[in-house]
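The next block holds one structure in the form of structure tokens; read it before the comments.
Treat the numbers as computed from the prediction; the structure is a model and nothing was measured. Per chain, numbering begins at 1; letters A, B, ... match sequence-line order.
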Amino acid sequence: MSIYDSLNEQQQKGVFTTEGPVLILAGAGSGKTRVLTHRAVYLIEELGVNPYNIMAITFTNKAAGEMKERIENMVGYGSESIWVTTFHSTCVRILRRYIDRLGYGTNFTIYDADDQKSLMKDICKRLGIDTKIHKERMFLSVISSAKDELIDPVEFETRAAGDYNKRRQAEVYKEYQRVLRQNNALDFDDLIFKTVELFKQDKEVLNSYQERFKYIMVDEYQDTNTAQFELIRLLAMKYKNLCVVGDDDQSIYKFRGANIYNILNFEKHFPEATVIKLEQNYRSTQNILDAANGVIANNVGRKDKVLWTDNGEGDKICFEQLESGYEEADYVTRDILRKVRNGGYNYKDCAILYRTNAQSRLFEERFIVSNIPYKIFGGVNFYSRKEIKDLLAYLKTIDNGQDDLAVKRIINVPKRGIGAASINKVINYAMEQDISFYHALRMAGEIPGLGKAAEKIRSFVLFIQSMRARIDSGYSLSRLMQEILETTGYLAELEAEGTDEAEERIQNIDELISKITAYEEEEEQPTLSGFLEEVALVADIDEFDETNDYVALMTLHSAKGLEFPNVYLAGMEDGLFPSYMSISSDDSLTELEEERRLAYVGITRAKEHLTITAARSRMIRGDMHFNRVSRFVMEIPKHLIGGEIYEPKAAERPIQDTPFQKAKKAFRTAAASYIPVTNQREFESANTQKNSLEYQVGDRVRHIKFGDGEVMAIVAGGRDYEVTVDFDKTGTRKMFASFAKLKKI
DNA sequence: GGTTTGAAACTTTTT
DNA sequence: GTTTCAAACC
């Protein structure tokens, strides 16, 4: 009995076909990670391949970490030298070693989206481009797609030919790259682009990596873009032992440059390729799979696959159309409470998936009131918070004064009395002398017209220099951070503020310090650059953690690769999902197919139970929208659905109502009670206080989350009371007595 | 140089 | 409904 006996025939074929190119088409939940890990183990244990010669590439750190752990558990000794990482960290590792051959310093910094935006703003200003008409974002996305397609500024200019708009974009692109190089910085796309450039330019480097990575595996292959494909192609060219695993039906990153033809045409690129299909699903029930199959079958030009399972039919899929987004959130909240109380589920078994991050708010509000533990993924990344970025900018400046952006960010944070006027003088001086911003700061004494600001700049420079000296004399990173917080007065300023917001910022800073400490503990040779690098490449979903008991809220995009026993697909409305952008696009056929794949990803996240919800009306950016049920719901075979679809003549209804209908409906919605009692028995079980309240208007009460406050109003509605409380800290809130569990004090 | 206020934009998805 | 940005004011 070997470990490979537990695999099915197709999976075994994927594991044992080690030589030559292999394409594994792996449907959702078909055990592709198992195949990849077993394949690595097979190579090491049965074929005697040195782990050092194996590379596995994934898209997220989380996926990489999991794979690495699973391999380590099976192989034990020696597996740590196997290279399991993301595309981006692979490239950083290579570039840190060799990028000097392209004229960059090996201590380059990595710019995130924020950095890119402020850089672009500078450039537009300098080139006299009105950002009211031509958005920075537009230029950035043009440049990003160019890099994904491996088009450099020169080539871009050639292709622009006589097109005035494109010529301007070419000019911006060129300038953007110039400044990046001057700052010794790379953006995310550069990481891939420059590695490919390095490989093409330097055969010696390419050859050394080809020799090293004799066996290459790529996960989520359907999401690779042209540049990533080229990177892999170059590496695999010599030994051709390339195994890619993916599912064309789960390709959802076209907007980010993913090229679906990388997977659809794999056999054209590698004619000798072995193709293996994994269609047996180990995750979901047959009903869920049939629903997913029914939806995805509407796409054309896909590799034909039909998922099946041994797991049995399972529950029907629930569908509920609610009056509003509020009711939708309420419905889901109650359903979760019910399933946790008597359905044998934990909070962590439940996930709410939605199309846009903005949808999380309503659920969050409901969860706070109902005391349901939850965690929202996506949205504002931890490392994008202001205080964190400020402190990282200090670290970057200490690490590498070449990064003008970081220096400019903190030169007057906290306030040192160095204002915009003085900073502009320094910027001009730096440009004239062709030196970095920080270099110019060091020469502040020689810059004309600075006046008393020069002295302030001097003490800032002295501070940075002294911090550098500390690093050189062996200070730990966490101690350095503490020192920065104290000496600059950053922490003191926040403490003095005393607001809730400041309190939250301080907590985030504490969290940053513990992340620094954790880094120092796990790394053998912790360095400042090393920490900054690790931080630059983390995604929010990497923080996903199965051990805590909370409901997970995330976008459909973030949910890829995850699974939950009980899944809610919320906001299934035409115009929201599929998004209005995709419906009205010039290329709506293609874009709708991508949205449909997203729906397929969402449905297949569910293991046991799937609930689909939609709202008749929804506030979007302050406007009321009336959407019909998502076309994707209509594509699910009717007999699989337990709820009722309330949309008899969907095809006849306009997506947007006329102003008159709109007004009428808005009135009707407003007139309806805020949260109707849909299921009386269930409601009563949630209602712990029945008809009597221990407090009345004017009483002081205590809420478990919001603290103390005064009761302003109590309104009876149905069996419950709607209580308005003016909290000392958070202001006035309305809540239902049965959920809020207010205590009189 | 710093603070306050009001308008305007934003929302599709992110390594 | 929220956040960001600029202009006006102190």
Between B:dT13 and A:R597, is there an OP1 or OP2 to side-chain N/O distance shorter than 4.0 Å?
no
Expressed as a whole number of angstroms, how long is the span from A:K121:NZ to C:dC5:C1'?
7 Å
NE2 of A:H88 versus P of B:dT15: gap in Å, rounded?
9 Å
Between A:K560 and A:E220, does at least one N-O distance fall below 4.0 Å, as a salt bridge requires?
yes
Does A:F255 stack onto the base of B:dT13, taking stacking as ring centres under 5.5 Å apart and planes under 30° apart?
yes
I want to know whether A:F59 and A:F87 have ring centres closer than 6.0 Å.
yes
Closer than 4.0 angstrom, basic N to acidic O: yes or no for A:E635 and A:R596?
yes
Compare side-chain N and O positions of A:S582 against OP1 and OP2 of B:dT12 and report whether any pair is under 4.0 Å apart.
no
Once you round it to whole Å, what is the distance between P of B:dT12 and CZ of A:R355?
9 Å
OP1 or OP2 of B:dG2 less than 4.0 angstrom from a side-chain nitrogen or oxygen of A:N412, does that happen here?
yes
Has A:S579 got a side-chain N or O lying under 4.0 Å from the OP1 or OP2 atom of B:dT13?
no
Can you tell me how far P of B:dT14 sits from CG of A:L140, to the nearest Å?
17 Å
A:K386 has an atom NZ; how far is it from atom P of C:dT4, in whole Å?
7 Å
Interatomic distance, A:D187 CG vs B:dT14 P [rounded to whole Å]:
18 Å
So what does A:F59 touch, heavy atoms closer than 4.0 Å: a base, only the sugar-phosphate, or nothing?
sugar-phosphate
Work out how far the C1' atom of B:dT11 is from that of C:dA6, and round it to whole angstrom.
22 Å
What does A:A421 touch in the nucleic acid at a heavy-atom separation under 4.0 angstrom: a base, only the sugar-phosphate, or nothing?
sugar-phosphate
Quickly work out the A:Q228 CD to B:dT14 P distance and round it to whole Å.
16 Å
Give a yes/no verdict on base stacking between B:dT15 and A:F188: centres under 5.5 Å, planes within less than 30° of parallel.
yes
Would you kindly give the CG-to-C1' distance between A:L362 and C:dT2, to the nearest whole Å?
13 Å
Does OP1 or OP2 of B:dT14 have a side-chain N or O of A:N357 closer than 4.0 Å?
yes
OP1, OP2 of B:dT14 versus side-chain N and O of A:T555: anything below 4.0 Å?
yes
Would you check if the side chain of A:S588 reaches a backbone N or O of A:S584 as a donor-acceptor pair within less than 3.5 Å?
no
Start at the 5' end of DNA chain B and walk down; is the nucleotide closest to A:K456 or to A:L537 reached first?
A:K456
Would the A:Y253 and A:H557 ring centres measure less than 6.0 Å apart?
yes
Measuring only the C1' atom in each nucleotide, how far is C:dC5 from B:dT12? A whole number of Å is fine.
24 Å
